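Some notes on the structure that comes next.
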Amino acid sequence: MTSETRNSIDDIWGKRTPHAPGQQWPVRVDERVSQTPERWVRGACVLCSNGCGLDIGVKNGKIVGVRGLASDLTNRGRLGPKGLHGWEANESRDRLTRPLIRKEGRLQEASWDEAMGLIVQRSREIVERHTSGAIGFYTSGQLFLEEYYTLGVIGKAGLGTPHMDGNTRLCTATAAAALKESFGSDGQPGSYEDLDITDCILHVGHNIASQHTVLWARILDRLAGPNPPKIIVIDPRRTFTAEQATVHLAPRVGTNVAVLNGLLHLMIGAGKTDAAFLEAHTVGYSELKKTVEKYTPEYVQELSGVPAADLRAAGELLANTATLVSTVLQGVYQSMQATAAAVQVNNIHLIRGLIGKPGSGILQMNGQPTAQNTRETGADGDLPGFRNWGNPEHIQQLAKLWNVPFNKIPHWSPPTHAMQLWRYCEQGSIKMLWIQATNPAVSLPDLSRVRKILDKEDLFVIVQDAFLTETAARADVVLPAALWGEKTGTMTNVSRTVHISCKAVEPPGEARSDLEIFLDYARRMDFRDQDGQPLIKWNDPESAFEAWKECTRGRPCDYTGLTYQQLLAGSGIPWPVNEQHPDGTLRLYEDGVFPTHADYAETYGQDFETGAPVTAEEYRANDPQGRAMIKPSEHREPHEVPDEAYPLSLTTGRQVYHFHTRTKTGRSKALQDAAPDAFVQLSPEDAARYGIEDSDWVLVESRRGLVIERALIGNIEPGLVFIPWHYGSWDDPSRPRAANELTLTEWDPVSKQPHFKYAAVRISKYSAQEALSSSSLLNRAAKAVQHLISGEQAPAATGSKSGGPQPKTTQRVEG
Ligand SMILES: Nc1nc2c(c(=O)[nH]1)N[C@H]1C(S)=C(S)[C@@H](COP(=O)(O)OP(=O)(O)OC[C@H]3O[C@@H](n4cnc5c(=O)[nH]c(N)nc54)[C@H](O)[C@@H]3O)O[C@H]1N2
Ligand SMILES: Nc1nc2c(c(=O)[nH]1)N[C@H]1C(S)=C(S)[C@@H](COP(=O)(O)OP(=O)(O)OC[C@H]3O[C@@H](n4cnc5c(=O)[nH]c(N)nc54)[C@H](O)[C@@H]3O)O[C@H]1N2
Ligand code: SF4
Ligand SMILES: [Mo]
């Protein structure tokens, strides 16, 4: 007896609750339960970076539903389709419940003692023979803050390995890089509240309607109220978001810098810059002015395909609006010149002084629920508390806090980024790779390469997950993890707002929380501080949080004034929270002072063309001393463009109903039925050219691999095809269909984020009949499938349709 306040599959955003500028966003409580709960437990949604507050309904020790939290400033009660349905995965029958160890080529059940014993034994052997530099960690944007901080201390002060990063490198490394390059430190200048007031919103490479549905509902409510904001969308596809735009610019993939330079050119040309703000609070404006001079609308049209008149219309809005909120996401971060382009959005705000003021803010978005925390705590390539690896003073602070020798903490070169981490595994210098809460066998580019690396004899692979994913199936040891709802921890959303999510039920079988697993590893490895005391001095989520607070003292992400008790009181709270700001901070930089002082900054910056780090001496010579840095960039061509052999551009992205590799959403019947399979989206022009009709099978090939998908025609520019990357092989190994079979191993020189958003491909109509008679095609397709299933296959999910390709009659088309 499911009861729900709406059918969110059909009605994605729910009923409008219009509001006027400056008025508080009205409450609307969304709920969906399978039975009447006995009790409700405070939580927050982990199916995107919006971090909606909710309560978890529990009955007989099981999760039976969720209800949005009316008092939470993030969502005021609302939840989207993933939030309302995704919890069902917790209860699915194919959860991992016992550790697995590979013996004689097969994963076999083992005790925790055996599994952890083996991990510790291998760690010790490797450290002895090859140093800690032969151990790598590849973590996530989906654990809790307390778990990352513990992992960060283990890696940096226990083992002392520089090889730690997360899937956040694929996700929001560019958000961090762009904020650091412009403002000296990570941390979103704006806040969601600015959307309630603003006159104009710019979405760059961000399909917010599908990917942050509740935040989009907030914007839809403004659009339905008096004095609605103007909306500019820059996306090559006509997405749900683009449908609502005042101006939609659809550039060729990989040309963001050209388009943004064109907008800066028009704004400067209109004479609408804020000279007083530029003078008092920024450095570098004259360089920008010089650089964008040649980016006339006509030149930009040549580079990007955006009609000059459309660019002018967008430029006029940006030059004249009194307030502006910008959001930036993967269409920028995973595309050509990621950091350089994201920084140009910062520049749009800086030249008009539209930052740190009500209604004006920048949201360099996150995607995963806790990506912000991975970056804050140093579980990735950053140092905890937004400290600067190039500043010895900052390393000293950590050495003192953790009571370890200065030289134990790796800081002699830039921290290893994920793409390099995988390269070291490939080359053999990393011997042990510990993967948590990420599924790289579907989410990394160029999957045939990734599978080869995971399968290497001399790489010991540990996977910590709740399901036997495509990656776990190739591991040497699999550790069964507790999921959200089965453990307590905190998380920080895009708006810097910290939420707590509490344990509501016990994890299944012997599954353990990631925090328990890390604490157990630290105990067994016997990591000690300089006084011979245990290095890790906490033993549960709350004591870990208290330890973390000390690490943030005096840093931009100051948590020192925050407690679990406060977080349980009914709403998330945005950091910094400290003596000066006991109730949190809605907006950063209201005083026009930025964290760019050489002694304080998180980075000294990098060259946009080469990625070469700026030295401390160079930075100090021109210390911006609290001013924001305006950094220009020239447009550069993508690294792979269509040619005769591969005449089309490919881009990849998401759908509203699925989260990533679908380990959760694929186990919710309603979500899976709404989006049952992958597809290739193409324009009517291209469909006609290749003789392809809606629902036909299409073979898509790149220089790396091939996939076979159903055709979906419309809402995309000619010359471009789009494939959602959610679909791996765990519930359908019958054909190669993961978009990342096709993508390339290239990354941004500054943020090191891989380029998932462009590649050159060719397409042809695929018929099994023809394939059977064409031995070369059949061989290639057969080989591709063989490769996929050489790892151990997960059992088909309960509740979801399994088996071969399905007619995609229920597939809902974007736009
Ligand atoms: N439903 C759902 N929501 C999610 C997620 C999910 O898996 N499903 N994942 C979460 C996570 S981790 C993330 S990171 C976010 C991602 O959220 P988004 O960034 O919004 O998602 P994507 O679909 O990856 O990419 C956004 C858009 O970029 C466009 N694009 C491609 N190339 C270019 C280009 O060169 N320039 C421009 N301007 N645009 C381009 C694509 O057409 C696409 O519509 O979503 C979060 N929310
Ligand atoms: N082609 C293409 N590729 C992409 C992208 C794209 O746009 N295009 N986007 C990229 C982006 S932005 C991202 S964020 C990545 C995401 O890529 P992944 O991180 O690989 O995707 P997920 O499916 O979210 O994998 C998370 C895993 O963690 C497990 N898990 C969930 N919660 C917990 C927990 O609490 N503990 C543990 N131990 N495990 C848990 C889940 O079961 C799941 O297997 O993919 C990237 N790959
Ligand atoms: S918007 Fe994001 S956080 Fe909110 S309910 Fe949807 S998936 Fe969850
Ligand atoms: Mo992401």
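Both counts, for ligands and for their atoms, begin at 1 and track the order of listing. Residues: numbered from 1 along the sequence shown. Quick caveat, the model's predicted, so the values are computed rather than measured.
- When hydrogens are left out, the protein atom nearest atom 3 (N) of ligand 1 is Lys82 NZ, 3.2 Å; that is the closest non-hydrogen contact.
- Assignment of Glu147 to the shell around ligand 2 is not supported, since no heavy atom sits closer than 4.0 Å.
- For atom 31 (C) of ligand 1, the closest non-hydrogen atom on the protein side is Thr651 OG1, 3.2 Å.
- Protein heavy atom in closest approach to atom 27 (C) of ligand 1: Asp235 OD2, 3.2 Å.
- Between Lys757 and ligand 2, at least one N/O pair is under 3.5 Å apart.
- Distance from atom 10 (C) of ligand 1 to its nearest protein heavy atom, with residue and atom name: Gly367 O, 3.5 Å.
- Ligand 2 places these atoms under 4.0 Å from at least one heavy atom of Gln368: 14 (S).
- Proximity of Thr663 to ligand 2, defined as any heavy-atom pair under 4.0 Å, is confined to the side chain (atoms from C-beta onward).
- The closest donor-acceptor contact from the side chain of His499 to the backbone of Gly51 lies under 3.5 Å.
- Between His658 and ligand 1, at least one pair of N/O atoms sits closer than 3.5 Å.
- Atoms of ligand 1 found under 4.0 Å from any heavy atom of Asn207 (numbered from 1 in listed order, with element): 20 (O), 26 (C), 44 (O).
- With hydrogens left out, the protein atom closest to atom 42 (O) of ligand 2 is Asp465 OD1, 2.7 Å, a heavy atom.
- In terms of polar-atom proximity, Gly331 is counted as a contact of ligand 1, with an N or O under 3.5 Å from an N or O of the ligand.
- When only interatomic distances are considered, the shortest N/O to N/O separation between Ser443 and ligand 2 falls below 3.5 Å.
- Protein heavy atom at the shortest distance from atom 23 (O) of ligand 2 is Thr661 OG1, 2.5 Å.
- In terms of protein heavy atoms, atom 2 (C) of ligand 2 is closest to Phe756 CD2, 3.3 Å.
- Counting only heavy atoms of the protein, atom 15 (C) of ligand 1 lies nearest to Leu329 CD2, 3.5 Å.
- Residue Phe659 places a heavy atom less than 4.0 Å from ligand 2.
- Using a 4.0 Å cut-off to heavy atoms of Cys171, the atoms of ligand 2 that qualify are 12 (S), 14 (S).
- The nearest heavy-atom contact from the protein to atom 24 (O) of ligand 1 is Arg654 NH1, 2.7 Å.
- Scanning the protein for heavy atoms near atom 45 (O) of ligand 1, the closest one is Gln211 CG, 3.1 Å.
- Side-chain N or O atoms of Ser751 include none that pairs as donor or acceptor with a backbone N or O of Thr339 at under 3.5 Å.
- Contact annotation for Ala482 and ligand 2: only backbone heavy atoms (N, CA, C, O) come within less than 4.0 Å of the ligand.
- Close approach to Ser335 involves these atoms of ligand 1, each under 4.0 Å from a residue heavy atom: 34 (C), 35 (O).
- Looking at atom 40 (C) of ligand 2, its nearest protein heavy atom turns out to be Ala437 CB, 3.5 Å.
- Using 4.0 Å as the threshold, His726 has a heavy atom nearer than that to some atom of ligand 1.
- Under 4.0 Å from ligand 2, the heavy atoms of Thr469 that appear belong solely to its side chain.
- Between Lys487 and ligand 2, at least one N/O pair is under 3.5 Å apart.
- The shortest contact between atom 19 (O) of ligand 1 and any protein heavy atom is with Gln330 N, 2.9 Å.
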